[in-house]
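Note that ligands are numbered from 1 as they come in the structure, with each ligand's atoms numbered from 1 the same way.
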Amino acid sequence: MEIIKAEHMGFCFGVKNAVDCAIKSLDEFGKIYSYGEIIHNKDVVEFLADKGLQVIDDKDAASFSEDSIGKIDAKVLIRSHGVSKKIIDFLEDHNLEYINATCPKVKSIHKIVSKYSSQGYEIIVVGDKSHPEIIGIVGWIDGKYHIAENLEKLRQINIDKEKKYCLVCQTTFNYNILKEIVEFLEKNDYTNIVINNTICDATLKRQKSCYEVAGNCDIMLVIGGKNSSNTKKLYEMCKEKCEKTFLIENYKEIPYKYIDKNTRIGITAGASTPDWVIEEVIRNVRESEQNNE
Ligand code: SF4
């Protein structure tokens, strides 16, 4: 059996920072609120919940209201995905203490869309409209915007060549899809669009290295939350290269029936998967080999 690990996988610095902030604050205060699940990983969410982290549901949070103020009796942690300007204003206007763990790369997208929309540009956001990062980004746009999750949706926007547009992209988006969109815009002379490739380096490195490994193994294990957008993208990309690709949340979901002593197993993990979950998977795969000898 051979285990090939992707060169780049697991926690990115934005997620690590948010989780470290949460642990530090919980050790100090015993209780904090997180605005939506801090990361899309069940194991980490449970670990933090045991330490005292309480999640304010995204849906409640979206309609943060005067009623909710009285219920907030601890600091509120803003996760790496970021939130809309309305939420930050609400917290500040009501003197509610908060820890802003928005990833600096997401913050820079907030600044771009805020600047261009205030100058009359329509904003095109490439990404998944239901993802919290996108919900946060559009909350910084002062004017008209469009969300497109692929080339087909972008074509439906009916871009007016007489108007000014600014395009940004979800930090964890599939680079191949963005490339397709940018090529289409360039080919059709949409010089009226300021294009910002805001896919994060951490995402690009994880996508590139998973692709390399998946093309070189018998089965591929993608470790991460099933509700994690970046993990799902790694899964889709690996599946293109390796038919036997499995998305598993932890060691309990290892597909042993496809593994024997001759299997070359590729491993990658989403940006919200901690090292200990990855190590547990590798340890269990190795132990299964020993048990079968
Ligand atoms: S994927 Fe990139 S942008 Fe997103 S939290 Fe991680 S480091 Fe920040």
Side-chain angles (χ1 to χ4, degrees), residues 6-25 34-45 48 53 55 58 77-84 87-88 98-114 123 125-140 147 149 167-179 195-211 222-238 247 268-275 277-278:
E7 192 186 343
H8 299 280
M9 65 173 162
F11 269 10
C12 60
F13 78 82
V15 168
K16 184 174 181 312
N17 174 53
V19 173
D20 287 349
C21 277
I23 294 173
K24 193 166 158 263
S25 306
S34 149
Y35 195 95
E37 280 192 348
I38 182 164
I39 57 171
H40 291 138
N41 185 288
K42 220 166 48 186
D43 295 297
V44 179
V45 168
L48 293 172
L53 183 127
V55 177
D58 291 49
L77 179 92
I78 308 289
R79 58 189 169 176
S80 56
H81 299 314
V83 291
S84 67
I87 302 295
I88 298 287
Y98 66 97
I99 309 149
N100 196 344
T102 305
C103 179
K105 302 203 170 201
V106 176
K107 264 192 202 158
S108 77
I109 303 180
H110 294 171
K111 282 193 193 135
I112 294 172
V113 299
S114 174
I123 308 295
V125 185
V126 176
D128 170 3
K129 64 176 185 296
S130 60
H131 192 278
E133 181 187 311
I134 298 298
I135 295 169
I137 290 170
V138 301
W140 289 84
I147 302 175
E149 62 197 13
L167 180 146
V168 293
C169 183
Q170 186 174 339
T171 58
T172 51
F173 205 63
N174 184 328
Y175 177 69
N176 295 336
I177 300 177
L178 178 67
K179 195 164 162 260
I195 297 172
N196 299 277
N197 175 0
T198 48
I199 296 183
C200 149
D201 282 359
T203 305
L204 287 175
K205 284 182 183 161
R206 275 155 187 72
Q207 291 181 358
K208 195 164 170 269
S209 55
C210 87
Y211 225 45
V222 181
I223 311 164
K226 299 216 163 74
N227 55 350
S228 154
S229 155
N230 77 82
T231 306
K232 277 192 272 183
K233 272 167 208 127
L234 292 180
Y235 170 79
E236 285 160 17
M237 294 182 84
C238 291
L247 197 171
T268 189
S272 46
T273 308
D275 287 349
V277 173
I278 303 171

One should read off an interatomic distance between T203 OG1 and K205 NZ, to the nearest 0.5 angstrom, of 11.0 Å
With a 3.5 Å cut-off and sequence neighbours excluded, list the donor-acceptor pairs that the side chains of residues 9-25 form with protein atoms.
| unit_1 | atom_1 | unit_2 | atom_2 | d |
| --- | --- | --- | --- | --- |
| K16 | NZ | D20 | OD2 | 2.8 |
| S25 | OG | C21 | O | 2.8 |

- Would you say the side chains of N100 and T102 form a donor-acceptor pair under 3.5 Å? yes
Quiz: residues 125-133 side-chain donor-acceptor pairs under 3.5 angstrom, not counting sequence neighbours:
| unit_1 | atom_1 | unit_2 | atom_2 | d |
| --- | --- | --- | --- | --- |
| D128 | OD1 | S130 | N | 3.0 |
| D128 | OD1 | S130 | OG | 2.9 |
| H131 | ND1 | E133 | N | 3.0 |
| E133 | OE1 | T171 | OG1 | 2.6 |
| E133 | OE2 | T171 | N | 2.8 |
| E133 | OE2 | T171 | OG1 | 3.3 |

Count of protein N, O or S atoms below 2.8 Å from atom 2 (Fe) of ligand 1 equals 1
So OG1 of T198 and CZ of F173: to nearest 0.5 Å the spacing works out to 10.5 Å
Contacts of H8 meeting ring pair (Phe, Tyr, Trp, His ring centres under 6.0 Å) (sequence neighbours excluded), chain-then-number -> none
